[in-house]
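Note sheet for the following structure.
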Number of protein chains: 2
Amino acid sequence: MAVTLKEVAERAGVSRSAVSRTYTDGASVSPKTRKKVEKAAKELGYSPNALASSLTTGRTKLIGLISNNFHNPLFLEVFDLFTRRLQEKGLRPLLVNLTDETDPENSLRMLKQYSVDGVIVASSTLSPEFAKAFHDAKIPVVHSFGRFASAPDVHVVGVDNVECGRMAARTLLARGYKHIGFLGGPKGATSTIDRRAGFMEVMGQAKGIKVKESNAAAYSFEAGRTAMLKELKGTHAEAYFCGDDVMSIGALSAINSSGLSAPTDIGIIGLNDMEMAKWENIDLTTIRQPIKQIVDSSVELVMAALEDSNRHPEARLFSCQVIERGTLRPL
Amino acid sequence: MAVTLKEVAERAGVSRSAVSRTYTDGASVSPKTRKKVEKAAKELGYSPNALASSLTTGRTKLIGLISNNFHNPLFLEVFDLFTRRLQEKGLRPLLVNLTDETDPENSLRMLKQYSVDGVIVASSTLSPEFAKAFHDAKIPVVHSFGRFASAPDVHVVGVDNVECGRMAARTLLARGYKHIGFLGGPKGATSTIDRRAGFMEVMGQAKGIKVKESNAAAYSFEAGRTAMLKELKGTHAEAYFCGDDVMSIGALSAINSSGLSAPTDIGIIGLNDMEMAKWENIDLTTIRQPIKQIVDSSVELVMAALEDSNRHPEARLFSCQVIERGTLRPL
DNA sequence: ATTCAGATTGCAACCGGTTGCAAAAATTGT
DNA sequence: ACAATTTTTGCAACCGGTTGCAATCTGAAT
């Protein structure tokens with residue numbers, strides 16, 4: 001169907017190798033033959049078959065981009081950044097949606113079949129074991145938004161969620177709240193566990209503070225709303241650290257529809273600083289995760305791992321920052 | 001690096017063909033050899049290289065998924081649906097982000113290099129010519145959310161945007177609004193043009209109605225907000241048909257921050273019915289596009305086009321439906 | 001035991017490229 | 001003009017599979 005190397009070679013009156021070399025940089029071709037080849041290629045509309053060449057070079061430039069966060073608007077930003085960055089680097093994202101797949105086996109098998117050069121797991125809710133499965137299969141892998149460990153099994157790029165928890169706690173304490181709630185994301189997620197740990201650590205050291213905690217079923221609007229509605233049925237705290245921004249927005253919705261409002265009746269601080277957080281009708285105080293840096297660094301790291309597949313697993317952390325908006329009372 | 005056919009064949013004590021046939025269905029292999037092969041394969045951890053096989057079969061099962069809508073939350077839903085559906089059908093999405101790429105040439109070349117079996121263009125703002133470039137290159141293509149035409153150049157799946165415009169107009173008229181605004185999406189987009197046409201057609205037939213119109217720069221929150229702020233500076237209409245939901249939310253934000261509210265002071269009707277539209281703190285009256293059906297149908301159509309590449313270009317339309325929520329005054 | 005159709009198997013060529021190697025051509029120095 | 005280098009070129013084997021074909025095997029029927 002498509003034009004092949006051979007046809008171009010014939011038309012240009014050169015050998016197949018000559019054509020091949022024209023399209024591999026670093027190869028030795030005289031300007032004269034290169035011209036001939038390029039002319040013939042243009043006339044025929046030839047473009048080299050990347051997959052065929054991957055057979056011999058062992059590189060497909062395909063990167064598996066795996067995620068299970070297809071209901072969190074933050075991840076649209078994440079996908080945008082990843083796809084652009086990968087494209088800039090000449091890599092192609094093969095997108096894998098893990099939403100209803102718990103077992104790594106399937107994805108592993110399929111990504112092996114497509115001989116991806118590497119894999120980026122973009123999720124804060126997938127277990128570290130998931131990423132490890134790729135590592136064990138000798139596929140370079142980076143877990144973006146994954147859990148920090150000082151000696152990780154796989155490359156990890158993200159933030160120190162424990163520190164984020166502390167930061168949220170300090171922010172709430174500094175504003176004089178005395179009755180404070182931790183409204184976490186799904187219980188099993190490492191991000192939830194770590195944020196809670198940091199949060200409780202700081203709270204434990206504070207005097208005269210009452211702390212309560214609960215969890216939402218997912219990092220989603222609905223889950224955040226449901227969890228907050230439940231809070232509002234009992235005696236609620238004065239302010240909450242919510243699992244993430246989309247949950248926060250759900251919580252805010254619950255607050256408003258109960259006739260209350262933030263920050264007057266209840267304070268909310270989220271996490272992520274997704275685009276929506278700064279929308280005027282949301283105006284969420286939150287902790288910013290530097291997602292662009294995380295993405296760029298992940299891509300850089302996966303590329304480095306391609307070069308040296310024995311590279312020692314590395315954890316890259318970026319610092320977060322409180323973004324003051326309108327859902328906490330002022331200092 | 002990876003285990004190959006040959007190694008499995010040697011270990012199982014059979015020919016390479018036998019191994020190959022074990023993994024291609026419809027091929028003739030005795031239960032006995034199949035057993036041997038499967039045993040050897042399991043021991044070695046073999047999985048066939050899909051790309052190598054694509055070389056002879058001419059099918060990669062790779063589908064280019066092209067979009068430029070990485071700032072519209074609706075498209076996270078769209079990507080979710082597409083990736084899942086494609087996976088269910090054994091196809092793999094190669095995601096292409098067109099955000100800062102206007103020229104089809106580059107994407108075309110790269111998708112040719114990866115010999116994708118077909119392409120899905122998911123966008124209502126890309127010009128029909130874009131999709132046509134693939135068609136001209138003999139790559140099966142479906143334009144999802146594209147413009148309806150009775151004799152389209154390429155397969156199109158979507159809604160009748162002209163009818164959506166009419167539907168919005170009728171809805172607003174039925175609620176007794178007399179001064180009505182069309183706050184369209186980007187002027188060049190076919191979706192904007194068509195929705196406007198239908199809208200104006202109905203308005204033109206109504207008596208005693210004052211109509212005004214303007215456009216936002218993009219289907220985005222910011223653009224919607226900015227456009228509405230501008231409206232509010234002059235004499236605004238009583239109700240607006242906004243380009244889409246995310247623009248509507250931007251517009252609502254502008255309305256609120258001007259001390260007004262919907263539907264009391266201004267009515268808003270959006271389009272899409274994305275997940276956020278039903279969030280309690282948004283509660284947007286809108287026109288639902290059946291995106292799941294559009295996605296499923298697109299995948300089905302691209303698969304059909306794979307089978308028969310001479311298939312005549314077809315347009316598939318799905319009907320929309322007004323979803324009553326709280327941003328228009330009641331009937 | 002023999003025949004014969006149908007199922008199974010291996011050989012070898014091919015898919016569209018890449019690459020080590022040795023021969024051929026171009027360049028350099030004298 | 002000639003030898004020594006350096007560059008460019010084509011050959012042929014290979015990457016990891018598939019597939020048409022002819023040979024072999026199987027089992028049922030005679």
Side-chain angles (χ1 to χ4, degrees), chain A residues 1-38 40-41 44-62 109-117 138-139, chain B residues 1-38 40-41 44-62 109-117 138-139:
Chain A
M1 181 106 264
V3 186
T4 77
L5 192 81
K6 197 170 138 216
E7 304 174 50
V8 177
E10 279 162 8
R11 176 155 197 137
V14 298
S15 73
R16 290 160 60 221
S17 336
V19 180
S20 172
R21 285 195 258 257
T22 303
Y23 292 97
T24 44
D25 37 28
S28 138
V29 209
S30 70
K32 211 198 309 174
T33 33
R34 159 159 275 136
K35 271 278 174 316
K36 284 196 287 185
V37 169
E38 277 167 354
L44 262 38
Y46 170 76
S47 54
N49 182 329
L51 302 180
S53 79
S54 82
L55 260 193
T56 40
T57 60
R59 286 239 174 293
T60 53
K61 303 206 167 192
L62 250 25
R109 182 148 22 89
M110 98 130 228
L111 288 169
K112 271 172 79 176
Q113 289 182 343
Y114 281 85
S115 6
V116 294
D117 287 348
K138 310 263 188 241
I139 299 176
Chain B
M1 180 107 266
V3 185
T4 76
L5 193 79
K6 199 171 137 216
E7 306 175 50
V8 176
E10 279 164 8
R11 175 152 196 140
V14 299
S15 73
R16 291 161 58 221
S17 335
V19 179
S20 172
R21 285 194 258 256
T22 303
Y23 293 96
T24 43
D25 37 28
S28 141
V29 209
S30 70
K32 210 197 310 176
T33 31
R34 159 161 275 134
K35 270 281 174 317
K36 284 196 285 186
V37 169
E38 277 167 355
L44 263 38
Y46 169 76
S47 55
N49 182 328
L51 302 180
S53 80
S54 82
L55 216 39
T56 39
T57 61
R59 286 239 175 293
T60 54
K61 302 205 167 194
L62 249 26
R109 183 150 22 89
M110 97 129 230
L111 288 170
K112 269 172 81 176
Q113 288 181 343
Y114 281 84
S115 6
V116 294
D117 287 349
K138 309 263 187 242
I139 299 176

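Chain naming here is simple, since letters A, B, ... match the order of the sequence lines and numbering starts at 1 in each.
Among all heavy-atom pairs drawn from A:Arg34 and A:Arg21, the shortest one is NH2-O, 4.3 Å. Of all heavy-atom pairs spanning B:Val19 and B:Val8, the tightest one is CG1-CG1, 4.0 Å. A pairwise comparison of heavy atoms in B:Tyr46 and B:Thr4 identifies CE1-C, 3.6 Å as the closest pair. When every heavy atom of A:Gln113 is checked against every heavy atom of B:Pro48, the shortest pair comes out as CG-O, 3.4 Å.
Following rounding to the nearest Å, A:Lys6 (NZ) and D:dC11 (P) show an atom-to-atom distance of 13 Å. To the nearest angstrom, P of C:dC15 lies 18 Å from CZ of B:Arg59. When the C1' atom of D:dG17 is taken as reference, atom CG of A:Leu51 falls 13 Å away, rounded to whole Å. One atom, NZ of B:Lys61, and another, P of D:dT18, lie 12 Å apart when rounded to the nearest Å. Between the CG atom of A:Asn49 and the C1' atom of C:dC14 there is a distance of 15 Å, rounded to whole Å. Nucleotide D:dT18 holds its P atom 11 Å from the CG atom of B:Asp25, rounded to whole Å. Rounded to a whole Å, the CD atom of B:Gln113 is 13 Å from the C1' atom of C:dG17. Atom OH of B:Tyr114 and atom C1' of C:dG16 are 15 Å apart (whole Å).
Side-chain proximity of B:Leu5 to the nucleotides D:dG17, C:dG10, C:dG16 is greatest for D:dG17. Side-chain proximity of A:Leu55 to the nucleotides C:dG17, D:dG17, C:dG16 is greatest for C:dG16. Out of C:dG10, D:dG17, C:dC15, the shortest distance to the side chain of B:Ala52 is found at D:dG17.
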Please tabulate the protein-to-nucleotide N/O contacts below 3.5 Å involving nucleotides 19-21 of chain C, giving atom names and distances.
{"unit_1": "C:dT19", "atom_1": "O4", "unit_2": "A:Ser17", "atom_2": "OG", "d": "3.3"}

Test A:Leu55 against B:Leu51 for side chain to side chain contact (heavy atoms under 4.5 Å, CB included), laying out the working first. CA-CA 8 Å; A:Leu55 260 193; B:Leu51 302 180; over 6 Å; no

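Look at A:Tyr46 and you'll find a side-chain N or O under 4.0 angstrom from OP1 or OP2 of C:dG17.
Residues of residues 27-37 of chain A that place a heavy atom closer than 4.0 Å to DNA chain D, in numerical order, are A:Ser28, A:Val29, A:Ser30, A:Thr33.
The backbone N or O of B:Glu7 lies less than 3.5 Å from no partner atom in the side chain of B:Glu10, so there is not a single donor-acceptor pair. The main-chain N or O of A:Ser53 is found under 3.5 Å from a side-chain atom of A:Thr57 such that the two form a donor-acceptor pair. Within the 3.5 Å criterion, the main-chain N or O of A:Ser115 finds a donor-acceptor partner in the side chain of A:Thr60.
With contacts defined as side-chain heavy-atom distances shorter than 4.5 Å, the pair B:Tyr23/B:Val37 qualifies.
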